[in-house]
Amino acid sequence: MNTAIGKNVQRKDAWDKVTGKAKYTDDFPTTGFLAARLLTSTYAGEPVALVVAMDKATAERAVKLIKVNYEPLPFVLTSSEAIADGAPLVHKQVNGYKKVLTDIYPEVDSNVASRYRMRKGDVTKAFERCDKIVERDFFLPPSGHLAMEVRTARAEITSNGNVIITTSSQSPYVVRQQIADAFLIPSGKIQVRVPFVGGGFGGKAPVMLEILAYLASRSVGGKAVRLTIPREHDMATAPCRMGLEAKIKIGVDKEGIIQAAELTYLLDCGAYADISPYMAKAIAVDCTGPYNIKNLSCDAVCVYTNHTYVTSFRGFSHESYTFCIERVLDMLAEKCSIDPLAFRIRNAIRPGNLTPSQVKCTANLIGNLTECLQNVKKLAEWDGGKAVPIKRNTVQAKGIACFWKTENPPTDAISGALITFNSDGSVNLHTGVVEMGSNGQTHLAQILAEKLKIDVDQVHMVESVDTRTAPKYWKTVASLTEYMAGHAVMRAADDLLDQLRSNGSQALHCSVEDIEVAYGRVFSRKNPEQFIEIKDINEGYKASDGESIGEPVFGRGGFMLKGLSMLDPQTGQGRTGPEWTLGAQVVEVEADLKTYTYRITKATTVIDIGKVINPESMRAMIAGGMAMGISLSSREVYKYDKEGIPMLPNLRTYKLMHIGQEPDYRVGFVETPNEQSPYGVRSFAEHGVIGMPAALGNALSTAFGKQLVTLPLTPEIIWRTPSEEQI
C-alpha cells in the first residue's frame with residue numbers, strides 16, 4: 001500500500017507563503033547593511049559602475065551624478081546579421097577566453113560562439129524520394145523571465161576572511177565556485193545562503209549580482225552590502241530568454257511519412273555566452289521533436305549579437321525550436337490532406353527508433369507519444385483541426401503540437417541528501433534543492449515518506465539552502481529534482497534503514513535480515529508483535545538491564561549521473577540526458593476575422609509523466625507552464641531600437657497574461673514508468689510551456705488561413721502576415 005506516492009499532499013511551504021510569513025532574500029532586515037546600486041549604460045543596457053552608500057536614497061542620488069563618456073561602436077542585432085560576411089565582431093578573439101566547459105566550439109574570426117551538428121542517414125537522396133516538401137523561415141524575438149521577485153544579493157566579508165552571500169539563486173554551489181575561482185578564495189571560506197526564491201524559470205541560474213555584491217563589500221572593508229536592482233534594470237540588463245532564427249525543410253512520402261529534415265537554428269545569445277552554447281546543444285539533441293526521422297541534417301548555432309545576453313528559460317530552448325518544427329508539421333499535414341493529430345501519430349517516435357543523436361529508444365527511455373495523442377484527442381475534444389464558424393466574422397479553431405525534452409547536465413552532475421531524526425521519530429531532510437515554486441521539496445518528502453513507510457507529515461524539509469550545511473546539488477534546473485535529488489534521498493533512506501535494522505537486530509536478538517522497518521516501528525518479520533518504536537531506537541537503544549545497544553542513526557546518500565556522453569562534433573552522436581519526457585498539447589481559440597483579435601478558450605496537455613507522485617501539485621505545475629507558454633507566445637517581446645537599446649523595459653508596457661485572461665486548462669497523465677527513476681517519475685516541471693506557442697500558432701494559422709512564422713502572435717502580426725493566396 002502506498003504511504004505517500006500518488007496522493008495529493010499539501011505543499012510543505014504552503015502556510016508560510018499564503019500567510020505572507022515566507023522570507024525571500026530581500027525580506028530580511030536591512031539594518032546594518034550598506035546599499036549598492038548599479039549605473040547602466042545608455043547604450044544597450046550594460047552595467048558600467050557600482051555605487052555603495054549608507055542608504056538606498058544616497059546610492060541612487062550618487063548614481064545620477066556619475067558622468068560617462070561613451071564611444072559608439074558598430075553593432076549587430078540579429079543572428080543572421082551577425083554571421084553575414086563582414087559583420088562587426090562582438091568579440092574580436094572568441095578563442096581568447098578561458099573555456100570552463102570543453103564541448104564548446106567558438107569559430108575564429110566570426111560571431112559564432114559554438115556550433116552543434118546532427119547528421120543521420122542521407123538527406124540529399126531522401127529528399128529526392130519525397131512527394132511533398134515544406135520549407136519555411138522563422139523569426140522568434142527574445143523575451144523576459146519576469147519572475148515576481150527581481151534578482152537580488154547580499155554580501156559580507158567577516159573579520160576572519162569568510163565570505164557570506166545571501167542570494168536569490170537557483171545555483172548556490174555555482175555561486176560559491178565562481179567566486180572562489182575568480183578571486184582565488186578557498187571555497188570552504190565561502191558560505192552561500194538561499195532562502196525561498198520568488199520564481200526563477202532559469203533566469204536565476206546564472207551568477208550575476210552575487211559577484212558584484214562581493215566586490216561591493218570588499219570595496220568597503222567587508223561591511224555588509226545589499227545590492228538590489230529595480231524591475232526596469234532587471235529587464236534591461238539581466239539575462240533574458242533567447243531569440244531564434246530558423247530555416248526548416250521537411251519532406252514526406254505519398255503516405256505522409258517523414259523522410260528527411262534539413263534544419264538550421266541560429267540562437268541569438270546576446271553579447272556573452274553564459275549557458276547559451278548548451279542551449280544550442282539542447283536544440284540539436286532534440287531538433288526534430290518526438291518524431292521518427294531517419295535522414296537528418298541539423299546545425300544549431302549559438303551566435304553573438306549586441307543584445308542583452310541570454311540564459312536558460314523554462315524549457316531550455318525547446319519552446320522556441322518546437323514552434324518551428326510543429327508549424328511545419330501542420331503545413332505538411334495540410335498538404336497531405338491528413339488530420340494534424342493523425343499525421344503526428346503516423347510519424348511518432350517509438351521504441352526501436354533512433355533519436356537525432358542516435359540513442360536507441362525504449363518505452364522506458366521515452367514513454368508513449370501515441371497514447372498521449374490518443375488521450376489528448378478525447379480530453380481536448382479534437383474535431384479534426386478545421387476552422388468552424390460560430391457567428392458572424394468569428395470562427396473557432398484548435399491547434400495541436402507535440403513536445404519532448406531530454407536534459408543537458410554535466411555528465412558528472414551530483415546530488416546529495418542527509419536525513420536526521422527528531423526525538424519523536426520524525427525526520428529532517430536536508431538537500432541542496434532550492435524551492436522556487438516547483439514544489440520539488442514536497443515531492444522529495446513524499447519519496448522519502450514512501451521509502452520509510454511513514455506519514456509525509458513526519459518528514460520535515462530544511463527549506464532554505466546553506467552551502468555550509470546542505471549536501472551539494474548541481475543546480476535546481478532542468479526539471480531534474482525528482483530524478484537526481486530523488487535518487488540521493490532514496491540512497492540516504494536505504495542507509496538510514498540499514499542502521500535501524502542493525503540497531504533492531506541487536507535489540508530484538510535476531511538477524512538483520514529478519515528486521516523490518518515500517519509505520520514508525522522496527523520489528524521482527526517472524527513476530528511483528530515484537531517491535532520497538534523508531535523514536536526509541538533511532539539514537540541507539542538502552543536495554544532493560546541498562547546495556548547500551550547500537551548507534552545513533554543518520555542517513556546519507558549521494559548520486560552522480562552515469563551513462564551520459566559528449567556529442568560527436570561531426571555527427572552529434574551521443575547521449576546528454578538520462579531520459580526523455582514527451583506529450584501532446586491542444587489550444588482552442590475563437591478568432592475575429594475582421595479585427596484579427598482572438599480569445600483563447602481552452603488549453604489541454606497530456607504528458608507521459610512516468611508516475612504521478614502528487615496529482616494536484618503536478619497538474620498545477622503543468623498548468624502553470626501552459627500559462628507561461630500562452631503568455632510569451634501571445635504578447636511578450638523584448639523590443640530594441642535601431643541602435644540596440646532596450647525599449648520600454650517595464651511592466652507598464654511589457655504585458656504578461658493576467659488572471660482572468662486565462663483559458664480553461666485541462667491536464668491528463670500517461671504513466672510509462674522510467675524504471676531508472678525513483679518510483680518511475682519523469683522530469684516534468686518545465687514541460688507544460690514547450691508546445692503551447694506551437695499549438696497556439698497552429699490554431700491561429702488555421703483560424704485566419706495564414707501561415708504564422710513569428711512570435712509573439714499579436715493581432716498586428718497576424719494582420720501583417722500575408723495569406724497563402726498572397727504569397
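This is a predicted model, so every value here is computed, not measured.
No side-chain heavy atom of F323 sits under 4.5 Å from any side-chain heavy atom of S633. Taking 4.5 Å as the limit, every side-chain heavy atom of L101 sits out of range of all side-chain heavy atoms of P410. For the pair L267 and S276, the minimum side-chain heavy-atom distance is below 4.5 Å. Residues Y304 and C269 have side chains in contact (heavy-atom distance under 4.5 Å, counting atoms from C-beta outward). In this structure, the side chains of L561 and P409 come closer than 4.5 Å at one or more pairs of heavy atoms. Taking 4.5 Å as the limit, some side-chain heavy atom of L38 sits within range of a side-chain heavy atom of L209. The shortest distance between side-chain heavy atoms of L632 and V689 falls below 4.5 Å. Between V51 and E60 the shortest side-chain heavy-atom distance does not fall below 4.5 Å.
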Criterion side-chain hydrogen bond (donor to acceptor under 3.5 Å, both in side chains) on S79 and D268, from CA distance to verdict: CA-CA 5 Å; S79 299; D268 178 352; 4.8 Å; no

Go through the steps for M118 and L567 under the test side chain to side chain contact (heavy atoms under 4.5 Å, CB included), then give the verdict. CA-CA 9 Å; M118 288 289 151; L567 299 180; 3.8 Å; yes

Give the intermediate values and the outcome of side chain to side chain contact (heavy atoms under 4.5 Å, CB included) for residues M484 and F559. CA-CA 7 Å; M484 284 187 58; F559 176 74; 4.1 Å; yes

Any chance you could lay out the side-chain hydrogen bond (donor to acceptor under 3.5 Å, both in side chains) test for T355 and R575, step after step, and finish with the verdict? CA-CA 9 Å; T355 72; R575 181 171 171 180; over 6 Å; no

Test E636 against S631 for side-chain hydrogen bond (donor to acceptor under 3.5 Å, both in side chains), laying out the working first. CA-CA 7 Å; E636 295 184 42; S631 182; 2.6 Å; yes

When you look at H443 and S617, which way does the side-chain hydrogen bond (donor to acceptor under 3.5 Å, both in side chains) test go after all the steps? CA-CA 9 Å; H443 297 157; S617 168; 2.8 Å; yes

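By the 4.0 Å N-to-carboxylate-O rule, E319 lies close enough to R241 to be salt-bridged with it. Looking at K405 and D286, no side-chain N of the basic residue comes within less than 4.0 Å of a carboxylate O on the acidic one, giving no salt bridge.
Interatomic distance, CD of E686 versus CZ of F201, reported as 11.5 Å (0.5 Å rounding). Residue T581 holds its OG1 atom at 11.0 Å from CD1 of I366, rounded to the nearest 0.5 Å.
For Y638, the ring pair (Phe, Tyr, Trp, His ring centres under 6.0 Å) partners are Y654, not counting sequence neighbours. Every residue was checked against the side chain to side chain donor-acceptor pair (under 3.5 Å) condition with S438, not counting sequence neighbours, and none meets it. For D13, the salt bridge (charged side-chain N to carboxylate O under 4.0 Å, His left out) partners at least two apart in sequence or on another chain are R11, K17. Listed by chain and number, the residues in a salt bridge (charged side-chain N to carboxylate O under 4.0 Å, His left out) with D494 are K451 (sequence neighbours excluded). Contacts of H145 classified as side chain to side chain donor-acceptor pair (under 3.5 Å), with partners at least two apart in sequence or in another chain: none. Residues passing the ring pair (Phe, Tyr, Trp, His ring centres under 6.0 Å) test with Y640 are H307, sequence neighbours excluded. The ring pair (Phe, Tyr, Trp, His ring centres under 6.0 Å) search around Y97 returns H91, not counting sequence neighbours.
Identified under the salt bridge (charged side-chain N to carboxylate O under 4.0 Å, His left out) test for residues 475-488, with sequence neighbours left out: none. Pairs of residues two or more places apart, or lying in two chains, that qualify as salt bridge (charged side-chain N to carboxylate O under 4.0 Å, His left out) and include a residue from residues 145-162 are D26-R154, E149-K204, R151-D234. Residue pairs meeting the side-chain hydrogen bond (donor to acceptor under 3.5 Å, both in side chains) criterion with at least one member in residues 209-223, sequence neighbours excluded: T167-E210. Under the salt bridge (charged side-chain N to carboxylate O under 4.0 Å, His left out) criterion, no residue pair touches residues 308-317, with sequence neighbours excluded.
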In a table with atom names and distances, give each donor-acceptor pair under 3.5 Å that connects a side chain of residues 181-196 to protein atoms at least two apart or in another chain.
unit_1	atom_1	unit_2	atom_2	d
D181	OD1	Q177	NE2	3.0
K189	NZ	N160	O	3.1
Q191	NE2	D466	OD1	3.2
Q191	NE2	D466	OD2	2.8

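With a 6.0 Å radius and a threshold of 12 heavy atoms from other residues, nucleotides or ligands, R556 has its CZ atom at or below the threshold.
Under the 6.0 Å distance and 45° angle rule, R226 does not count as a cation-pi partner of F33.
In this structure, the side chain of N111 engages the main chain of V90 through a donor-acceptor pair within 3.5 Å. Side-chain atoms of S357 do not come within 3.5 Å of backbone N or O of Q573 as any donor-acceptor pair. Using modelled atom types, one side-chain atom of T25 and one backbone atom of S168 make a donor-acceptor pair closer than 3.5 Å. A donor-acceptor pair under 3.5 Å links the side-chain atoms of N614 to the main chain of V9, judged by distance alone. For T237 (side chain) and P47 (main-chain N/O), no donor-acceptor pair under 3.5 Å exists by modelled atom type. For the pair H430 (side chain) and G416 (backbone), a donor-acceptor distance under 3.5 Å is absent. Here the side chain of S114 pairs no donor or acceptor atom with the backbone of I104 at under 3.5 angstrom.
Between P277 and Y116 the shortest heavy-atom distance is O-CE1, 3.1 Å. Contact detail for S143 and C240: the closest heavy-atom pair is O-CB, 3.3 Å. Shortest non-hydrogen contact noted between V459 and K12 is O-NZ, 2.6 Å. Annotation for P239 and V310: closest pair CB-C, 4.2 Å, computed over non-hydrogen atoms. The two residues S41 and V48 come nearest to each other via the heavy atoms CB-CG1, 4.1 Å. Considering every non-hydrogen atom in both P646 and T308, the closest pair reads CG-OG1, 4.5 Å.
Screening F316, Y278, Y265 for a side-chain contact (heavy atoms from CB on, under 4.5 Å) with I283, the sole residue that qualifies is Y265.
Using modelled atom types, one finds a donor on one side chain and an acceptor on the other under 3.5 Å when comparing E407 with S683.
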